[in-house]
Q: 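Below are the structure tokens for one structure; questions will follow.
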Amino acid sequence: MNNILSKPILNKLFKLYGTFIFIFSLSDYFLNSIPHMTTANILPGISPHLGIGLPYSDYWDVYPPGIYMFYYLAYFFTYDNFYLYNVLHVFILFYTCFFSYKIFLKLKAPIFIYYISLTYFLSPLYVNYLLPNDLLALFFSSWGLYIFLYSNDEKIKLILSNFLLVFAFFIKETLFLSSLTILLIGILTKNLKIIQFTLLGYLISFLFVATYSETISITQLVIESYVIKFEVFSFTGTIVNGLFLLIALFAFLLLLQSKKFIILKNFLNRVLYKEQSSIYIYSLLMLLTYVLVDKDDGGHFDIPKIFALFFILCFLYKLKINRLLVLVLIISLSGYVLKLNHSLYSYTQIQPNFTYSEVSMFKDISQETKTLLKNSNDDFLFLYGWGSTNAHYELKTKPYSKYWLVHPQILTEKQIFELKKQLEKNLPEYIYYCGFALECPAGFDFKLFESEYINFPELITKCYIEIDNKIFKLDSKTCNQDFKF
């Protein structure tokens, strides 16, 4: 079967298939309006260029600094141009597929297995909007592994590959364990050269991000963001499981020092120098992260684990079992983990469209009101919903509060009280408020939030007048002095 499927004509057919699903999947969202998940990263990233604030300082979110650094640097290419963001997305998506393809070739498995993985990867279930963080992180991570596998310069490949693997972690924390791949190989094989240059790559990557944060003076805020993130999300279980993993790994390394395990030790020294083993270790660490996090998102969060899962499953071809059985196992296991039915069904929902369709967040208000909001730098509060990021991105204004996403999912109680104190001191000139409408896309129980923390309906009723659809203007600057928050 392997000989038949490796014939040039079949390889060309597979490439045509890959090209088709690449273009077909893109047609569902290419040139569509940039979604809030992406504008939430773009605006803080480019804000220093536009003079409208700084990430963390004026735009609080739970993302690591690498994603903001990426857009800060990408600005020199895109200049915040809608079409160039689309070009950037295609470039990153294509090369992520290319790097994964080249990595797959090292495994010497039937090539059609790669195209099965590609079918999952390009599925709208996973990639269905421009520049998801998980895709950006995987791009740098797979690029790093690609360099490690294909570069001939030993020093350069160790430094650069580890630099990219760690930078991927600074974009998305789920790629932390996979960033340790080469270091783990160096430790297990006691190869001091690998360890030294790996640590040098780590250091350069860290200094790269640190230089960015120091340049725009957000280092302390970055550190604080990790502390707050721990409070917002319950990482206790993940950390406990991770500690057990580290203890087990440490015990394993100690056992290797025993003479009783000399055969295993010699075997590892031979195997871990082989290219295929580095791919298996990388993939195992990637998948292990998802086990520790214990989150089955079934969306963009799972993007990094798709190729990793197939890389691991290709190990079955190394075993002396029936190849048809191996194929059945790969299709069954991958289908279970990656939701085969949902993934294939998502292709049937694609509506090909390559026309420009950027949508305004303020299509229901007058141009005059929109102009007022554009000139309201520091004085506009958006309540509620993830659309806040799109609103401020469209206006290109610094938000009234750094807590521009008023959502208890990403804010601690302490931060909510900080917002409350800010309101007590100085009310915003304008408020977008959807809470009076029958349907308000808040994404959480905002009525409960208002009853427990800030009574926005009463505040707006008492202190504001509606000047346009859901847009309220401050009627009295001293109104907050008599208001009980």
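All values reported here derive from a predicted model rather than from experimental measurement.
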Q: Between Gln415 and Tyr403, is there a donor-acceptor pair closer than 3.5 Å when you use the side chain of the first and the backbone of the second?
A: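 Checking the backbone N and O of Tyr403 against the side chain of Gln415, no donor-acceptor pair under 3.5 Å is found.
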Q: Does atom CZ of Phe315 have more than 12 heavy-atom neighbours from other groups under 6.0 Å away?
A: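 No, not enclosed.
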Q: Looking at Phe206, I'd like to know if its CZ atom is crowded, meaning that more than 12 non-hydrogen atoms belonging to other residues, nucleotides or ligands lie closer than 6.0 Å.
A: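 At most 12 heavy atoms, drawn from other residues, nucleotides or ligands, come within 6.0 Å of this atom.
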Q: Taking all non-hydrogen atoms of both residues into account, name the closest pair between Leu122 and Ser25 and its distance.
A: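 Heavy-atom minimum between the residues: O-CB, 3.2 Å.
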Q: Would you call Lys172-Asp134 a salt bridge at under 4.0 Å N-O?
A: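 Asp134 and Lys172: salt-bridged.
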Q: Decide whether a cation-pi geometry holds between Lys339 and Tyr120; the criteria are a distance under 6.0 Å from NZ or CZ to the six-membered ring centre and an angle within 45° of the ring axis.
A: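 Checked: cation-pi criterion not met.
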Q: Is the Lys NZ or Arg CZ of Lys305 less than 6.0 Å from the centre of Tyr290's six-membered ring, within 45° of the axis?
A: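 Lys305 over Tyr290 ring: yes.
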Q: So, does Tyr150 use its side chain to make a donor-acceptor pair with the main chain of Lys102 at under 3.5 Å?
A: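 Looks like yes, one N/O pair under 3.5 Å.
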Q: When you measure from the side chain of Thr289 to the backbone N and O of Leu285, does any donor-acceptor pair fall under 3.5 Å?
A: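 Indeed, once roles are kept as given, a pair shorter than 3.5 Å links the two residues.
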Q: Among side-chain atoms of His49 and Tyr71, is any donor-acceptor pair under 3.5 angstrom?
A: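 No pair is found: no donor N or O on one side chain lies under 3.5 Å from an acceptor on the other.
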Q: Between Tyr393 and Asp80, is the side-chain hydrogen bond (donor to acceptor under 3.5 Å, both in side chains) condition met? List the steps.
A: CA-CA 10 Å; Tyr393 177 70; Asp80 194 40; 2.6 Å; yes
Q: For the residue pair Phe139 and Phe99, categorise the inter-ring angle as parallel (less than 30°), tilted (30 to 60°) or perpendicular (more than 60°).
A: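 The rings of Phe139 and Phe99 sit tilted, inter-plane angle from 30° to 60°.
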Q: Looking only at heavy atoms, what is the nearest atom pair of Asn41 and Met37, with distance?
A: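 The answer is ND2-O, 3.1 Å.
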Q: A side-chain contact here means heavy atoms from C-beta on lying under 4.5 Å apart; do Ile216 and Pro55 qualify?
A: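 A side-chain contact exists here, since the closest heavy-atom pair is under 4.5 Å.
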Q: Hey, is OH on Tyr95 packed in by over 12 heavy atoms from elsewhere, all under 6.0 Å?
A: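 12 or below, so no.
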Q: For the CD atom on Gln351, are there more than 12 heavy atoms of other groups (residues, nucleotides or ligands in this structure) within a distance under 6.0 Å?
A: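 12 or below, so no.
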Q: Identify the two heavy atoms, one from Tyr56 and one from Pro65, that lie closest to each other, and give their separation to 0.1 Å.
A: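 Where Tyr56 meets Pro65 most closely, the heavy atoms are OH-N, 3.1 Å.
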Q: Does some side-chain heavy atom of Tyr83 sit less than 4.5 Å from a side-chain heavy atom of Leu31?
A: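 They are in side-chain contact.
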Q: Is there a donor-acceptor contact under 3.5 Å from the side chain of Tyr282 to the main chain of Ile182?
A: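 Looks like no, no N/O pair under 3.5 Å.
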Q: Just by distance, do the side chain of Ser179 and the backbone of Phe176 share a donor-acceptor pair under 3.5 Å?
A: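 Checked: pair present.
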Q: Using the ring of Tyr17 (Phe, Tyr or Trp, six-membered ring only), decide whether Lys15 places NZ or CZ under 6.0 Å from its centre and within 45 degrees of its axis.
A: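 Not satisfied by the 6.0 Å and 45° rule.
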Q: In the structure I gave you, are the side-chain heavy atoms of Leu313 and Leu329 within less than 4.5 Å of one another anywhere?
A: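 No. Closest side-chain heavy atoms not under 4.5 Å.
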Q: Give me the ring orientation class for His300 and Tyr129: parallel if the planes are under 30° apart, tilted from 30 to 60°, perpendicular past 60°.
A: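 It falls in the perpendicular class, over 60°.
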Q: Could you go through the ring-ring contact (aromatic ring centres under 6.0 Å, His included) check for Tyr384 and Phe444 one step at a time?
A: CA-CA 9 Å; Tyr384 296 100; Phe444 67 100; 5.5 Å; yes
Q: Any idea which heavy atoms bring Ala109 and Phe104 closest together, and the distance?
A: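 Scanning both residues completely, I find the closest heavy atoms to be O-CE2, 3.8 Å.
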Q: Counting C-beta onward and ignoring hydrogens, is there a side-chain heavy-atom pair between Ile350 and Ser27 closer than 4.5 Å?
A: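 Yes. Closest side-chain heavy atoms under 4.5 Å.
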Q: For Tyr345, is the OH atom crowded, meaning more than 12 foreign heavy atoms sit under 6.0 Å from it?
A: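 Not more than 12 within 6.0 Å, no.
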Q: Could you check Phe121, Phe307, Phe14, Phe311 and say which one makes a side-chain contact (heavy atoms from CB on, under 4.5 Å) with Tyr114?
A: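 The option that passes is Phe307.
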Q: Around atom CG of Leu448, are there more than 12 heavy atoms of other residues, nucleotides or ligands at under 6.0 Å?
A: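 More than 12 heavy atoms, drawn from other residues, nucleotides or ligands, come within 6.0 Å of this atom.
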Q: Mark yes or no for whether Thr189, through its side chain, and Ile185, through its backbone, hold a donor-acceptor pair below 3.5 Å.
A: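 Side chain of Thr189 to backbone of Ile185, a donor-acceptor pair under 3.5 Å: yes, one is there.
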Q: Quick one: does Thr119's side chain have a donor or acceptor within less than 3.5 Å of a partner on Tyr115's backbone?
A: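 Confirmed, Thr119 side chain pairs with Tyr115 backbone.
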Q: For Phe354, does the CZ atom have more than 12 heavy-atom neighbours from other residues, nucleotides or ligands under 6.0 Å away?
A: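 Result for CZ/Phe354: enclosed.
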Q: Within a strict 4.5 Å, meaning less than it, do heavy atoms of the Phe169 and Leu165 side chains meet?
A: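 In short, these two side chains do not touch, never coming nearer than 4.5 Å.
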Q: Hey, does the side chain of Thr389 reach the backbone of His36 with a donor-acceptor pair shorter than 3.5 angstrom?
A: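 Looks like yes, one N/O pair under 3.5 Å.
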Q: Between Lys157 and Phe148, is NZ or CZ placed under 6.0 angstrom from the six-membered ring centre and within 45° of the ring axis?
A: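 Yes.
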Q: In a check of side-chain contact (heavy atoms from CB on, under 4.5 Å) between Thr198 and each of Ile195, Leu200, Ile194, which one passes?
A: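 The side-chain contact (heavy atoms from CB on, under 4.5 Å) with Thr198 is passed solely by Ile194 among Ile195, Leu200, Ile194.
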Q: Looking just at side-chain N and O atoms, do Gln276 and Lys108 make a donor-acceptor pair shorter than 3.5 Å?
A: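 No pair is found: no donor N or O on one side chain lies under 3.5 Å from an acceptor on the other.
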Q: Specify the closest pair of heavy atoms between Pro132 and Ile303, including all atoms of both residues, with the distance to one decimal.
A: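 Shortest heavy-atom separation between Pro132 and Ile303 comes out as CG-CD1, 4.1 Å.
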Q: Kindly say whether Leu130 contributes a backbone atom to a donor-acceptor pair with the side chain of His89 at under 3.5 angstrom?
A: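 No; zero donor-acceptor contacts below 3.5 Å.
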Q: Going through the checks in order, is the side-chain hydrogen bond (donor to acceptor under 3.5 Å, both in side chains) test met by Thr96 and Ser142?
A: CA-CA 7 Å; Thr96 302; Ser142 57; 4.8 Å; no
Q: Taking Ser57 for the side chain and Leu54 for the main chain, is one N or O donor matched with an acceptor at less than 3.5 Å?
A: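 No, because the side chain of Ser57 does not come within donor-acceptor range (under 3.5 Å) of the backbone of Leu54.
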Q: Would you indicate whether the side-chain heavy atoms of Asp58 and Trp60 approach each other to under 4.5 Å?
A: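 A side-chain contact is absent here, since even the closest heavy-atom pair is not under 4.5 Å.
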Q: Shortest non-hydrogen contact from Ala442 to His407?
A: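 Reported closest heavy-atom pair: O-CD2, 3.7 Å.
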